Amino acid sequence: MLDVEMIMSNPELVKKILGKRGFEVDFSGFIELRERRAFLIKQIEEVRALRNKLSKSIGEYKREKKDTKELFDEIDKIKDSVDKDEEELGKVEELINEFLLKLPNLPDEDILAGDKENNAVVSVNKDKPVFDFPIKDHVELATSLGLIDYERAAKISGRGTWIYTGLGARLEWALINFFIDEHIKDGYVFLMVPHLLNYESGLTAGQFPKFEEDVFWLQEESPKKFLLPTAETALINVHRNEILDVNKLPKKYFSYTPCYRREAGSYRSEERGMIRGYQFNKVEMVQFTTPDNSDDAFLELMIKAETLMKKLGLHYQVSKLAAGDISFAMARTFDIEVWLPSIEIYKEVSSVSNSRTFQARRGMIRYRNEDGKVEFVHTLNGSGLATSRLLPAILEQNQNSDGSVNVPEVLVPYLGGIRVLQKVK
RNA sequence: GGAGAAAUACCCAAGUCCGGCUGAAGGGAUCGGUCUUGAAAACCGACAGGGCGUGUGAGCGCCGCGGGGGUUCGAAUCCCUCUUUCUCCGCCA
């Protein structure tokens with residue numbers, strides 16, 4: 001949610017900034033609605049003030065056993081005059097809200113306008129791995145090493161799914177455990193959250209109303225619930241409708257959850273295997289901070305995500321996303337993209353974002369500053385990391401000519417000392 | 001899944017039967033002070049927050065007793081509805 005005062009005081013500026021995303025708006029109708037709202041509120045409140053005064057007098061008169069006829073006559077005069085205004089106000093506010101909920105966040109000043117093509121690589125880790133043998137893609141590697149079973153997954157569920165089998169499951173779990181341990185070391189609080197969330201949570205996180213079609217809904221539940229598309233949706237809502245103590249900020253959380261996404265129509269040919277599925281694993285970090293601390297928090301999340309990648313020894317690049325590629329609720333996003341040698345493409349394994357006050361406004365997530373004033377927190381999130389996408393990259397980047405795969409050093413302890421994934425005889 | 005009870009401020013809790021002097025008793029916590037070498041205790045004092053509107057401002061007004069709706073001149077209090085929590089029964093990892 002954007003700041004209404006900002007829109008009202010400088011609609012042209014807001015329009016211009018949203019334009020960086022390629023988002024077209026016309027605020028003229030909105031401004032009229034806001035003006036109408038102010039007018040109606042004034043009318044309604046005047047009548048209510050009078051009515052309250054008279055009602056109070058009736059109470060007093062009755063106690064003193066005085067005649068109240070005069071007061072009732074006066075009240076009769078104003079009795080129904082607010083009903084119509086109240087009804088109109090309700091409608092006006094609904095329209096205002098609807099409009100506001102459709103506006104995406106304002107990209108930060110340093111964010112480039114335009115779409116994907118304006119994403120900028122800001123750093124690269126390690127050189128591209130070179131192979132002196134014909135390489136295999138992760139589907140081939142995972143299948144031949146007995147790590148993943150796609151066919152049986154299709155049997156028990158459907159397309160866009162897979163089963164981690166044996167060592168494959170252990171490798172995936174090793175990644176998750178490694179990340180969990182790293183985050184705990186850094187002082188982040190581990191939360192295990194519900195996977196079924198209510199509408200309000202999706203609204204605060206910024207998924208709704210625009211992306212209601214992108215998540216899985218449970219038909220039977222009332223009120224309706226959806227499967228979380230990322231742990232962020234749950235984590236961000238932990239402090240919804242709360243006023244936090246400034247001394248307890250920043251709050252740092254992380255969670256591991258599967259992420260459930262419909263991914264309707266988004267499948268591309270190179271995304272076979274585990275690159276895109278209806279369910280994938282991800283460890284997610286979230287911070288609630290004061291505005292002052294928000295840029296530092298962003299940097300911290302970036303460094304944390306990158307550190308994990310470096311420890312895994314993978315070749316990746318960091319992209320600063322252009323305005324049009326930044327998701328709806330965010331003001332800035334940097335992606336960490338891992339190299340997949342088989343398709344010669346970098347694929348996102350982490351997305352670190354700052355929503356500034358966008359989510360906080362939607363969810364009324366606030367804090368009391370040193371002066372006792374209540375302000376919105378900044379909310380940030382970052383994957384740390386998407387394990388299901390990492391596993392293919394590890395297989396492909398670490399493959400040997402005989403079809404075996406070297407386990408990243410940091411994962412060896414989590415795999416009971418196994419250093420090389422080899423074909424089972 | 002069935003039956004019942006409840007939701008009041010930072011926490012506990014009264015008020016709800018019988019609508020008006022209740023934007024809400026009392027206690028705790030917190031903050032400030034007295035006392036003390038310091039602390040504790042005791043005592044004194046402060047303590048509804050928040051949203052919205054209006055005003056340069058002190059302020060004034062509107063809305064707030066789980067959410068939404070209704071009855072009424074007037075609702076914490078009466079009615080409807082939803083949500084959540086607790087207790088008991090059933091089922092179950």
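Below, chain A is the first sequence line, B the second, and so on; all start at residue 1. Just so we're clear, the structure is a prediction, and the values are computed from it rather than from any experiment.
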Side-chain donor-acceptor contact under 3.5 Å, A/H183 with A/K252: no
Distance in angstrom units between A/Q43 CD and B/C52 C1', rounded: 16 Å
Sidechain-backbone polar pair: A/S353 side chain, A/N381 backbone, donor-acceptor under 3.5 Å: no
Distance between C1' atoms of B/G70 and B/A58 (Å, rounded): 40 Å
A/N198 side chain to A/S201 side chain, donor-acceptor N/O pair below 3.5 angstrom: yes
Between B/C11 and B/A25 - P atom distance, rounded Å: 16 Å
A/E87 CD: over 12 foreign heavy atoms closer than 6.0 Å: no
Whole-angstrom distance between B/C89 and B/U81, as gauged at atom C1': 27 Å
B/G49 OP1/OP2 closer than 4.0 Å to side-chain N/O of A/R368: no
Sugar-phosphate only, base, or nothing, as touched by A/R34 at under 4.0 Å among non-hydrogen atoms: sugar-phosphate
Side-chain ion pair, A/D295 and A/R356, N-O less than 4.0 Å: yes
No-hydrogen, no-angle side-chain donor-acceptor test under 3.5 Å, A/S404 and A/Q422: no
C1' atoms of B/U8 and B/A3, separation to the nearest Å: 26 Å
Distance, C1' atom - from B/C73 to B/G57, rounded to whole angstrom: 35 Å
Nearest-Å distance for atom pair CG/C1', residues A/N97 and B/G68: 15 Å
A/E242 atom CD, neighbour heavy-atom count above 12 within 6.0 Å: yes
Closest approach of A/L312 to A/P408 (non-hydrogen atoms, all atoms of both residues): O-CB, 3.7 Å
Short side-chain N/O contact from A/R51 to OP1 or OP2 of B/C63, under 4.0 Å: yes
Nearest-angstrom distance from the residue atom CD of A/E35 to P of B/U54: 11 Å
Please write out each protein N/O paired with an N/O of nucleotides 59-61 of chain B under 3.5 Å, distance rounded to 0.1 Å.
unit_1 : atom_1 : unit_2 : atom_2 : d
B/G61  : N2     : A/E45  : OE1    : 2.9
B/G61  : N2     : A/E45  : OE2    : 3.2

Whole-Å P distance, B/C47 and B/C10: 15 Å
Range-with-range stems of RNA chain B (Watson-Crick or G-U pairs under 3.5 Å, three or more in a row): B:1-7 with B:83-89, B:10-12 with B:26-28, B:30-34 with B:42-46, B:50-54 with B:59-63, B:66-70 with B:78-82
Side-chain donor-acceptor pair present, A/Y164, A/R170, cut-off under 3.5 Å: no
